[in-house]
2 protein chains.
Amino acid sequence: MIPNIIPGVRRLPEPSRVDRALRALERASLRRTPQRLAIVRAFVDDPSHPTAQMIFDRLRDEMPTMSFATVYNTLASLEQAGACRTLRLDGPAGDGGVRFDPNVDPHDHAVCDRCGAVADVPAPARKEPLPRVEGFRVHAVERILRGACTRCAPG
Amino acid sequence: MIPNIIPGVRRLPEPSRVDRALRALERASLRRTPQRLAIVRAFVDDPSHPTAQMIFDRLRDEMPTMSFATVYNTLASLEQAGACRTLRLDGPAGDGGVRFDPNVDPHDHAVCDRCGAVADVPAPARKEPLPRVEGFRVHAVERILRGACTRCAPG
DNA sequence: ATGAGTGCAAATGCTTTGCATCCTG
DNA sequence: CAGGATGCAAAGCATTTGCACTCAT
């Protein structure tokens, strides 16, 4: 079943996303097992940045033997394969879990400090140069936009 | 495991920081107890973004009765009082804990993907306008600079 | 038959909570 | 003496691990 999402609406499955993930699995020489396929389908088009728990819950019905460990393993594999990213963005309202983001294109995250909702925000059109930091080689910049969603702070 | 401070050297205590924290406590009508004072002194000048565990360990010697709960309580109070900030920035090398940052001035964080070290990076001089996001009211932008410290990736 | 993948349960680690006690105002 | 603060231990979670079993190559 299709769970709660916050500001975004659940997009209809885009075959391209599922395909992209499956190709990533193949590239990493990982087998296309029923469990992995189910996990991929369960979250690859979900913009709500679900936790492993949420994904696990979604799959209980259609695949009652699904194991928690398999969810974690698969998500870790997908991340290694470049088919998803992991986030930790708990703020004041955060629930402390790792969240999985099937969107691997560069983008920021808007996080509601009150309800913990997360929304993707397209990266700025003009890409800025990586900042220089002494003693560091910067590979990427991750931006979290903290605030309140209109549902929590209307008006 | 506790990653060490990377580029920064532990600064000598700046009375102003301790004072600022104590004033924040006062403003929040929180008592200046020996435990809180010790906790403040133990991390307020530490740029390594320690975890509660690290702070607790530091205090074991000078205050053997110190309780873990008190460390958490005090740090939560300090955060509420605006005297510190909490971070979760575990990446690939992250150890999963909440980290405490006594620096409440606007700044970014450089995180080493290999050893988990964290360094403060002064915010860019020219401040950019807050990005507009539909369905959100953005209060602040948090930037994490992912990369490798020169200790992990020399040259 | 070899090894990847899975499922179950137990273990781990960080954080929070409950509650009795202590202390300060 | 009332409420804030502390200390201790236990409870809660999310995540990881160990191990036996299954299945595909």
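Per chain, numbering begins at 1; letters A, B, ... match sequence-line order.
Atom CZ in B/Phe100 sits about 13 Å away from atom P in C/dC14, given to the nearest Å. Taking atom CG of residue A/Asp57 and atom C1' of nucleotide D/dT15, one finds them 15 Å apart after rounding to whole Å. Spacing between atom CZ of A/Phe68 and atom C1' of C/dA10 amounts to 15 Å, rounded to whole angstrom units. For B/Arg88 and C/dC14, the CZ to P distance is 11 Å, given to the nearest whole Å. Between B/Met66 atom CE and D/dC8 atom P the separation is 11 Å, expressed in whole Å.
A heavy atom closer than 4.0 Å to some atom of DNA chain C occurs in A/Leu30, A/Arg31, A/Thr33, A/Gln35, A/Arg36, these being the qualifying members of residues 26-40 of chain A. Contacts between residues 72-83 of chain B and DNA chain D, defined by a heavy-atom separation under 4.0 Å, are absent.
Between A/Ala52 and A/Tyr72, the shortest heavy-atom contact is CB-CZ, 3.5 Å.
In this structure the side chain of B/Cys112 never reaches within 4.5 angstrom of the side chain of B/Arg151, judged on heavy atoms. Using a 4.5 Å heavy-atom cutoff, the side chains of A/Asp101 and A/Cys84 are not in contact. Looking at A/Met54 and A/Phe43, their side chains never come closer than 4.5 Å, going by heavy atoms from C-beta outward. Side-chain contact check for B/Ile39 versus B/Leu59: some heavy-atom pair is nearer than 4.5 Å. Using a 4.5 Å heavy-atom threshold, the side chains of A/Glu134 and B/Thr150 count as separate.
Minimum atom distance to the side chain of A/Ser67 is reached by C/dC8, of the listed C/dC8, D/dT15, D/dA14.
Heavy-atom neighbours of B/Arg85 CZ from other residues, nucleotides or ligands within 6.0 Å: at or below the threshold of 12.
A donor-acceptor pair shorter than 3.5 Å can be found between the side chains of A/Thr86 and A/Glu79.
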